[in-house]
Participant: 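My questions all concern the structure below.
We're numbering straight along the sequence, starting at 1.
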Amino acid sequence: MAKESMKARERKRARMVARYAEKRAALKAAGDWEGLQKLPPNSAAVRMHNRCQITGRPRGYMRQFGISRVLFRKMALSGKIPGVKKASW
């Protein structure tokens with residue numbers, strides 16, 4: 001499990017990206033690079049990192065499900081993810 005402070009930091013970044021998205025797009029379209037420099041660094045979408053929604057694990061993230069590979073395997077084997085079952089051939 002990730003620390004609560006790390007998960008909170010990512011949520012804060014996501015809120016900031018959403019708040020400044022239109023302003024950043026307008027400044028980029030106008031070519032105002034100095035105006036972009038004055039915005040908060042965490043308002044850039046590049047600063048966000050994919051994390052598991054449940055545990056906050058930053059590595060092994062599966063975009064399709066929004067969770068880490070460890071949690072995905074655990075949930076799939078227990079039947080909590082509909083339509084997913086262990087492959088056997």
Participant: Using the salt bridge (Lys or Arg N to Asp or Glu O under 4.0 Å) rule, collect all pairs that involve residues 33-62, keeping only residues at least two apart or in two chains.
Facilitator: none
Participant: Over all heavy atoms of both residues, which pair between G56 and A2 is shortest? Give the atoms and the distance, please.
Facilitator: O-CB, 3.3 Å
Participant: Say you draw a straight line from NZ of K74 to CD1 of I81; how long is it, rounded to the nearest 0.5 Å?
Facilitator: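 Interatomic distance, K74 NZ to I81 CD1, rounded to 0.5 Å: 12.0 Å.
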Participant: May I have all residue pairs that pass ring-ring contact (aromatic ring centres under 6.0 Å, His included) and include part of residues 23-43, sequence neighbours excluded?
Facilitator: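 Sorted pair list comes back empty.
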Participant: Can you list everything that forms a side chain to side chain contact (heavy atoms under 4.5 Å, CB included) with K3? Sequence neighbours excluded, please.
Facilitator: S5, M6
Participant: Drop me the distance from L27's CG to L36's CG, to the nearest 0.5 angstrom.
Facilitator: 5.0 Å
Participant: Within this structure, what is the CZ-OG distance for the pair R73 and S78, rounded to the nearest 0.5 Å?
Facilitator: 11.5 Å
Participant: Are V70 and I67 in one and the same hydrophobic cluster, where Ile, Leu, Val, Met, Phe, Trp and Tyr link if side-chain heavy atoms are under 4.5 Å apart?
Facilitator: no
Participant: Mind checking the CE-CG spacing from M62 to N50? Nearest 0.5 Å is all I need.
Facilitator: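 So the CE of M62 and the CG of N50 are separated by 12.5 Å.
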Participant: By side chain to side chain donor-acceptor pair (under 3.5 Å), which residues pair with K7, not counting sequence neighbours?
Facilitator: E4
Participant: Just grab all the side-chain hydrogen bond (donor to acceptor under 3.5 Å, both in side chains) pairs involving residues 13-28, residues at least two apart or on different chains.
Facilitator: E10-R13, R13-N42, R24-S43
Participant: Enumerate the residue pairs fulfilling ring-ring contact (aromatic ring centres under 6.0 Å, His included) with a member in residues 52-85, sequence neighbours excluded, ordered by first and then second residue.
Facilitator: F65-F72
Participant: Identify the two heavy atoms, one from L77 and one from K86, that lie closest to each other, and give their separation to 0.1 Å.
Facilitator: CD2-CD, 4.1 Å
Participant: Give a yes or no on whether L39 and M16 share a hydrophobic cluster (residues Ile, Leu, Val, Met, Phe, Trp, Tyr; joining criterion: side-chain heavy atoms under 4.5 Å apart).
Facilitator: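 Per the 4.5 Å side-chain linkage, L39 and M16 are co-clustered.
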Participant: Could you check whether any side-chain N or O of T55 sits under 3.5 Å from a backbone N or O of C52, counting only pairs where one atom can act as donor and the other as acceptor?
Facilitator: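 Here the side-chain-to-backbone pair does not exist.
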